[in-house]
Peer 1: 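Starting off with a structure, shown below.
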Amino acid sequence: MKSLIALMVILPILCGLLLNLLHKKDRTIKILALTVAIILPIIPLIASYGAYYFGGYPPIAENPTIAEYLPAYITRSYLVKFHPAITYIFNSAQRIFIFILGIVAFLAIFTSLNEVKKPSGVYSFLMFMATAAVTAIVLADDIFNLYVFFEIAAISQAGIILSSNIKGSYKMALRYLFLGGVAAPMLLLGVALLLGAIGNVNISDMIFAMRNGLIDQGNPIFLTAAGLIIFGWLYGSGLPPFHTIKSGLYSKALPHAASLIQAFSVFTLVALGIIILRLFYYIPVVRWAIIIFSIAGMALGISMAIMQTDFKRLIGFLAVGELGYIGIGLGLGTTMSITAGLFQAVNEALVTACLFLGFGTILYQTGISEIDKLGGLLKYRPGVAGLMILAGFIMAGIPPFNVFQSKLMLIESAISAGFPELAIIMILLSIVTFMTFMKAYYSIYLKPEPRGLEVKAERIPSSTIFSMIILLVICTILGILPQLATSQFGSIIHGLL
Amino acid sequence: MIPVQLASFFTAAALILIGIIGVFFIDNLIKKVIALSFISDGVNLFLVTLGYKPGGIVYIYMPGMSSSWFAQNASYPLPFALVLTSIVIGASTLAVMLAIIIILYHRHGSLSSKILED
């Protein structure tokens with residue numbers, strides 16, 4: 001069942017390409033896209049753990065037949081343990097990340113297909129391509145392969161924004177690509193420096209070479225490479241200085257697309273963050289850089305959210321702010337903090353997806369995203385308003401939901417790691433997040449309805465409400481049984497520490 | 001490190017620096033795209049230079065070659081494989097950017113980066 005590991009990436013790519021070819025064949029597009037979207041979260045559940053070697057080339061040590069034909073200076077050296085092919089690693093942590101990504105992708109694709117009578121094959125293609133790219137980023141044990149899919153994810157996300165046809169979407173996509181045009185080559189330069197220093201791009205091989213004294217860990221090239229890869233990580237995840245462009249990207253996407261794109265940001269942050277820690281854990285400044293950028297992301301994201309008058313921008317900045325919690329968990333570098341950070345990533349992907357879908361319901365009803373022009377929506381669809389407040393509570397960290405569990409773990413881990421200041425910052429920013437959300441919620445749902453506001457409550461698609469309920473149910477289950485997720489991260493943390 | 005390799009590294013650094021300056025300080029969108037291609041070309045040149053081996057042969061194992069001679073004389077193929085992929089990705093990104101610029105030019109009648117401001 002190890003071939004299923006590759007299928008997690010290959011299937012959405014193949015489906016995407018087929019959808020592109022089937023453009024304008026509406027019924028076929030709907031059936032194919034929905035079938036593959038349903039399969040996406042199922043594959044990680046049935047796939048076996050292990051490594052998948054593309055081309056069928058395992059390390060020589062695992063392949064005695066090849067070893068017979070090789071000279072002794074190779075078979076008696078460390079080279080026999082090196083990976084000659086592109087390798088994907090699939091463990092329990094990857095299982096839960098790809099499962100959650102699959103769930104969010106399925107709900108986003110399901111919602112998009114139900115919203116329109118004539119689905120666009122190209123649009124679905126982009127959603128599948130981006131999902132495949134982020135899945136590959138999570139699985140990759142090869143830093144160049146990671147760079148390739150990092151670029152594919154960026155182009156696909158820009159394509160999703162272009163397809164949204166929202167005013168200003170072209171400008172936003174171009175700005176995102178311009179910044180990506182700087183950040184991605186910097187990431188590649190970091191990869192090139194590592195290649196020059198170690199002679200390989202496989203992450204496990206690099207770590208093996210570092211830990212066994214095959215190369216000098218004190219070489220300043222590693223610090224430079226770390227800086228460049230961190231720069232790429234900031235772009236991919238949307239932490240400062242890229243927080244404005246990332247939140248802008250969310251605001252120019254359709255609600256279901258925004259819910260998917262934010263999940264891409266979360267899992268890119270986690271996957272690249274883990275790789276940075278695996279490679280450079282021994283350099284303290286790297287972990288400090290992760291913590292500092294994460295705090296900046298939290299502070300800037302949440303403070304800019306307060307100033308927003310457009311709810312799409314508001315939720316975009318809140319989503320960026322929440323990313324900082326994940327970074328702090330990774331940066332603290334203890335078993336508990338990394339577990340908490342990874343758990344926060346899973347929770348963040350779920351609840352923010354729900355909030356984006358929820359705010360989409362306001363757009364369906366009114367077509368307006370300016371908070372000041374809205375009001376009194378509670379009476380039209382109280383059920384939807386109830387789902388929204390529940391999602392807001394979850395994001396802010398109200399017990400007994402999943403974000404409460406992960407934020408509590410983060411606060412405890414910060415205190416036990418000797419950084420009570422970080423715990424105070426996290427608590428304060430959680431309170432500000434809650435206040436910002438409640439202020440927007442009051443203005444949209446509770447404040448008296450402004451004159452002339454035209455509300456068409458029947459326009460909310462049932463698929464959106466269904467998706468919100470599914471996401472909230474998963475959030476509640478993870479809140480009551482957090483060990484369902486936290487017990488899965490042991491493999492990654494063991495490898496890190 | 002031989003002079004050719006050193007010169008290539010300096011050229012790669014110059015291309016990257018010129019590209020970064022161009023992206024942030026030039027107003028024209030097309031010129032910004034050209035500056036971006038300078039950055040990726042600089043990084044590609046850096047990778048090619050890493051794989052350069054004085055007097056090295058192309059890494060294709062031909063009949064009649066002994067494996068030890070091939071291993072000693074062939075250039076390191078990995079950087080070239082990476083550059084090939086990087087060029088393809090870079091070209092597709094540039095194509096998307098240029099397509100967006102054409103649409104924006106038709107809408108706004110300008111190639112100034114000021115049109116990107118809200």
Side-chain angles (χ1 to χ4, degrees), chain A residues 69-74 79 84 86 142-145 147-152 154-156 158-159 161-162 167-202 228 244-245 248 251-252 310 313, chain B residues 5 9 12-13 15-16 19-20 22-24 29 32-51 66-68 71 76 78-79 81-83 85-86 88-90 92-108 113-118:
Chain A
Y69 296 96
L70 291 170
Y73 67 85
I74 292 179
L79 286 172
I86 292 171
D142 178 306
I143 202 161
F144 183 74
N145 195 254
Y147 158 77
V148 170
F149 281 105
F150 182 87
E151 282 276 51
I152 293 172
I155 300 173
S156 306
I161 301 304
L162 291 172
K167 192 186 170 193
S169 60
Y170 280 74
K171 293 177 186 177
M172 188 55 71
L174 187 60
R175 279 160 63 184
Y176 185 65
L177 285 175
F178 270 148
L179 290 174
V182 179
M186 293 301 115
L187 177 66
L188 182 60
L189 193 57
V191 174
L193 288 174
L194 289 175
L195 174 68
I198 304 173
N200 203 337
V201 285
N202 183 282
L228 291 165
T244 318
I245 190 79
S251 69
K252 298 298 176 195
D310 182 307
R313 294 287 292 199
Chain B
Q5 215 169 3
F9 277 132
L15 279 170
I16 293 168
I20 290 173
V23 168
F24 290 106
L29 290 174
K32 272 186 193 289
V33 172
I34 294 169
L36 284 174
S37 73
F38 267 47
I39 299 175
S40 57
D41 288 346
V43 177
N44 289 340
L45 181 60
F46 183 83
L47 271 165
V48 169
T49 312
L50 281 180
S66 77
S67 56
S68 57
Y76 187 38
L78 190 57
L82 303 191
V83 166
T85 318
S86 169
V88 174
I89 295 170
S92 50
T93 314
L94 292 184
V96 175
M97 282 194 272
L98 288 171
I100 300 173
I101 290 170
I102 291 168
I103 293 168
L104 289 176
Y105 178 73
H106 283 300
R107 284 186 185 173
H108 300 277
S113 61
K114 290 185 178 67
I115 63 170
L116 294 183
E117 292 162 14
D118 285 327

Peer 1: Where does B/Val33 contact chain A at under 4.5 Å (heavy atoms): side chain, backbone, both or neither?
Peer 2: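 When you check distances to chain A, atoms from both the backbone and side chain of B/Val33 fall under 4.5 Å.
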Peer 1: Below 4.5 Å from any heavy atom of chain A, which atoms of B/Ser86 appear? Answer side chain, backbone, both or neither.
Peer 2: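 Both parts, backbone and side chain.
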Peer 1: Go through the atoms of A/Ile152 and report whether side chain, backbone, both or neither lie under 4.5 Å from a heavy atom of chain B.
Peer 2: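 Neither; nothing under 4.5 Å.
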Peer 1: Out of A/Gly199, A/Gly159, A/Gly196, which one racks up the most heavy-atom pairs below 4.5 Å with chain B?
Peer 2: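 Looking at each of A/Gly199, A/Gly159, A/Gly196 in turn, A/Gly199 comes out on top.
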Peer 1: Let's go through A/Glu151 and B/Thr85 carefully: what are the C-alpha distance in whole Å and the side-chain angles of both, what is the deciding distance for side-chain contact (heavy atoms from CB on, under 4.5 Å) to 0.1 Å, and is it a yes or a no?
Peer 2: CA-CA 11 Å; A/Glu151 282 276 51; B/Thr85 318; over 6 Å; no
Peer 1: For a side-chain contact (heavy atoms from CB on, under 4.5 Å) check, start with the C-alpha distance between A/Phe178 and B/Leu29, then their side-chain angles and the critical distance, and finish with the verdict.
Peer 2: CA-CA 10 Å; A/Phe178 270 148; B/Leu29 290 174; 3.7 Å; yes
Peer 1: Please look at B/Leu104 and chain A and tell me whether the side chain, the backbone, both or neither of the residue comes under 4.5 angstrom of a heavy atom of that chain.
Peer 2: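 Only the side chain of B/Leu104 comes within 4.5 Å of chain A.
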Peer 1: Assess whether side-chain contact (heavy atoms from CB on, under 4.5 Å) is satisfied between B/His108 and A/Lys171, documenting all intermediate values.
Peer 2: CA-CA 11 Å; B/His108 300 277; A/Lys171 293 177 186 177; 3.4 Å; yes
Peer 1: Which atoms of B/Ile16 come close to chain A, meaning under 4.5 Å heavy atom to heavy atom: side chain ones, backbone ones, both, or neither?
Peer 2: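 Contact with chain A is through the side chain of B/Ile16 alone.
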Peer 1: Under a 4.5 Å heavy-atom cut-off, does chain B meet the side chain of A/Phe144, its backbone, both or neither?
Peer 2: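 Contact with chain B involves the side chain of A/Phe144 alone.
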Peer 1: At a heavy-atom separation under 4.5 Å, does A/Leu174 approach chain B through its side chain, its backbone, both, or neither?
Peer 2: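 Both backbone and side chain.
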Peer 1: Before you tell me yes or no, could you show the steps for A/Leu188 and B/Leu47 under side-chain contact (heavy atoms from CB on, under 4.5 Å), namely the whole-Å CA-CA distance, both residues' side-chain angles and the distance that decides it to 0.1 Å?
Peer 2: CA-CA 9 Å; A/Leu188 182 60; B/Leu47 271 165; 4.1 Å; yes
Peer 1: Determine the option with the most heavy-atom pairs under 4.5 angstrom with chain A, choosing from B/Thr93, B/Ile20, B/Val96.
Peer 2: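 Highest number of heavy-atom pairs under 4.5 Å: B/Thr93.
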Peer 1: If every non-hydrogen atom of A/Ala192 is compared with every non-hydrogen atom of B/Leu50, which pair is closest and at what distance?
Peer 2: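 For A/Ala192 versus B/Leu50, the nearest heavy atoms are O-CD1, 3.1 Å.
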Peer 1: Check A/Leu189 against B/Val43 and note the closest heavy-atom contact, atom names and distance.
Peer 2: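 Minimum heavy-atom contact is N-CG1, 3.9 Å.
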Peer 1: Looking at every heavy atom in both A/Ala173 and B/Ile100, which two are closest together, and how far apart are they?
Peer 2: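 That would be CB-CD1, 4.2 Å.
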Peer 1: In Å and rounded to the nearest 0.5 Å, what is the CZ to CD1 distance from A/Phe149 to B/Ile89?
Peer 2: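 Answer rounded to 0.5 Å: 9.0 Å.
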